[in-house]
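Numbering of ligands and ligand atoms starts at 1, following listing order. For clarity, every value in this text was computed on a predicted model and none was experimentally measured.
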Amino acid sequence: MKSMFNLESFIKINKCLFPVAGYGTRFLPVTKAIPKEMLPILTKPLIQYGVEEAMSAGMTTMAMVTSKYKQAIKNHFEPHTDIETSIKGTAKEALLDEVNYASEQCDFSYIEQQEMLGLGHAIYTGKPLIGDEPFAVILPDDLCTSNGDSILKQMAALYVQHPDCCIVAIEEVPMTEVDKYGVIDGKLLKGSTNAYQVSSMVEKPSPEEAPTNLAIIGRYILTPQIFNVLENTKQDKNGEIQITDALMTLAKQGKVIAYKFEGIRYDCGNVKGFVEATNAFAKSEGLI
Ligand code: UTP
C-alpha cells in the first residue's frame, strides 16, 4: 500500500538563517558604514548570492540576525519604487527582475543581535524567527559555487536521509590553515565517500592539535535541538559562544554529519579570498 505520509515533504527545510551581525573588521574602513554582506562580487552583494543559494535548495523564508548598523541589508530586499519607476519601460528594465525576484518569492524576517558574542550566540538569537523546525544556516561571506546542485541543496538532500542529525559542510584545507576553522574528526559513513559521522570537533586548533584537515565552512543544516544545546553552552575564553562547542555536544550523541561538498568556496571574509572570487566571477563573465 502506498504510504499516506510523505517523509520528504515532512522534513523539507523551509527556513534559512543568516547570521550577519558581525563587524567585518577585516574589511575596515569600508565596513564602517557598509555591511560586509553588502560588498559586491561584480554587481551583486554577497548576501544576495546567499539568499539565491537558499532559494535553489527550496527555502522560502530568509531569517536575518542583524545589528543596528546593518539597515542596508534590509533595504536591499525591500522595494525601491523610485528606481523601479525610473527604469520601467527603458532598456534597463530587465535589471528589475534580478533586483526584485528574491523579495517577491521569499519572506524576510529580521532580529537584532544586541552583543557580538559569537556565531553560536547569533544563531541562538535567531530562535524566535525559526521556531521548532530544522533550518539551514548560511554565512554569506563564504561564497559557494558549483557546476550542479548548489551546496545547500546537496546538504538538504543528505539531511532527508538523516533527519535526526545536523549537517555541516566541510572542505580539506592546508594543515597550516586549520587554526582559522572548526575542524572535525570522524569516520566515513558506511558506503559513503563524502559524508562523515562526526566523533569530535575542535574550534581553531593549532596544526599540532588538529585531528584532521577537514574544516567546517559556512553552511549548516541544524535541527531545532541545537537551541537547547546553545542555551547551555558556556562562553569560551574570549567570551564567545561557539557553534562548534554546541555541535560537539550533539556529535557525542552521534547526531552530527560532516559533508564534503562538490563545488568551490571562496572565503570572502578576507580580502585575498574576496579578490579571488571577484577574479573568478569576472573571468566566467568574460570581463578579464
Ligand atoms: P566572522 O568572524 O567571519 O565575521 O563571523 P565578522 O566578525 O563580521 O568579521 P571580522 O572577523 O571582524 O572581519 C562569521 C559569521 O558570523 C557572524 C558574522 O556576521 C559572519 O557572518 N557573526 C559573528 C554574528 O552574526 N555575530 C557574532 O557575534 C559573530
Quick check for you: to the nearest 0.5 Å, what is the distance between Leu143 atom CG and Asp267 atom CG?
10.5 Å
Quick check for you: to the nearest 0.5 Å, what is the distance between Ile243 atom CD1 and His121 atom NE2?
12.5 Å
Verify the ring-centre separation between Tyr196 and Tyr259: is it less than 6.0 angstrom?
no
Report the part of Ala21 (side chain from C-beta onward, or backbone N, CA, C, O) that has a heavy atom under 4.0 Å from ligand 1; answer both or neither where that applies.
both
Quick test of your reading of the model: are Lys260 and Glu172 salt-bridged, counting only N-O distances below 4.0 Å?
yes
Is Lys15 salt-bridged to Glu133, cutoff N-O under 4.0 Å?
yes
Should we say atom CG of Asn147 is surrounded by more than 12 heavy atoms from elsewhere, each under 6.0 Å from it?
no
Option among Leu230, Ile123, Asp236 that satisfies the side-chain contact (heavy atoms from CB on, under 4.5 Å) test with Ile241:
Leu230
Distance under 4.0 Å to a non-hydrogen atom of Met116: what atoms of ligand 1 satisfy this?
28 (O)
Nearest-contact summary for atom 3 (O) of ligand 1 - protein heavy atom, Å
Arg26 NH2, 3.1 Å
Going by the order shown, which atoms of ligand 1 are within less than 4.0 Å of some heavy atom of Ala122?
24 (C), 25 (O), 26 (N)
Looking at atom 14 (C) of ligand 1, what's its closest protein heavy atom, distance included?
Leu139 CD1, 4.2 Å
Under 3.5 Å: donor-acceptor pair, side chain of Glu209, backbone of Ser206:
yes
Any salt bridge linking Glu52 with Lys44? Criterion: basic side-chain nitrogen under 4.0 Å from a carboxylate oxygen.
yes
For atom 26 (N) of ligand 1, find the nearest protein heavy atom and state the residue, atom name and distance (0.1 Å precision).
Gln113 OE1, 2.7 Å
Honestly, for Lys36 the part within reach of ligand 1 (heavy atoms, under 4.0 Å) is side chain
At what distance is the nearest protein heavy atom to atom 20 (C) of ligand 1, and which residue and atom is it?
Pro19 O, 3.7 Å
Contact with ligand 1 for Val20, non-hydrogen, under 4.0 angstrom:
yes
For ligand 1, which part of Thr25 has a heavy atom less than 4.0 Å away: the side chain, the backbone, both, or neither?
both
Indicate yes or no: does an N/O atom of Phe27 lie under 3.5 Å from an N/O atom of ligand 1?
no
Looking at atom 5 (O) of ligand 1, would you say a protein heavy atom lies below 4.0 Å from it?
no
Can you find an N/O atom of Gly24 closer than 3.5 Å to an N/O atom of ligand 1?
yes
Side chain, backbone, both or neither: which part of Glu240 comes within less than 4.0 Å of ligand 1 when only heavy atoms are counted?
neither
Going by distance only, is there an N or O of Gly22 that falls short of 3.5 Å from an N or O of ligand 1?
yes
Just let me know how Glu37 lines up against ligand 1, side chain, backbone, both or neither, with a heavy-atom cut-off below 4.0 Å.
side chain
Atoms of ligand 1 less than 4.0 Å from Leu119 heavy atoms?
16 (O), 29 (C)
I'd like to know if Lys36 pairs up with Asp141 as an ion pair, taking the criterion as any Lys NZ or Arg NE/NH1/NH2 lying under 4.0 Å from an Asp or Glu carboxylate oxygen.
yes
Ionic contact status for Asp142 with Arg265, cut-off 4.0 Å
yes
Checking heavy atoms under 4.0 Å, the part of Asp141 that sits near ligand 1 is side chain
May I ask you to check if ligand 1 and Gly118 share an N or O to N or O distance below 3.5 Å?
yes
Side chains of Ser192 and Asn194: do they bring a donor and an acceptor to under 3.5 Å?
yes
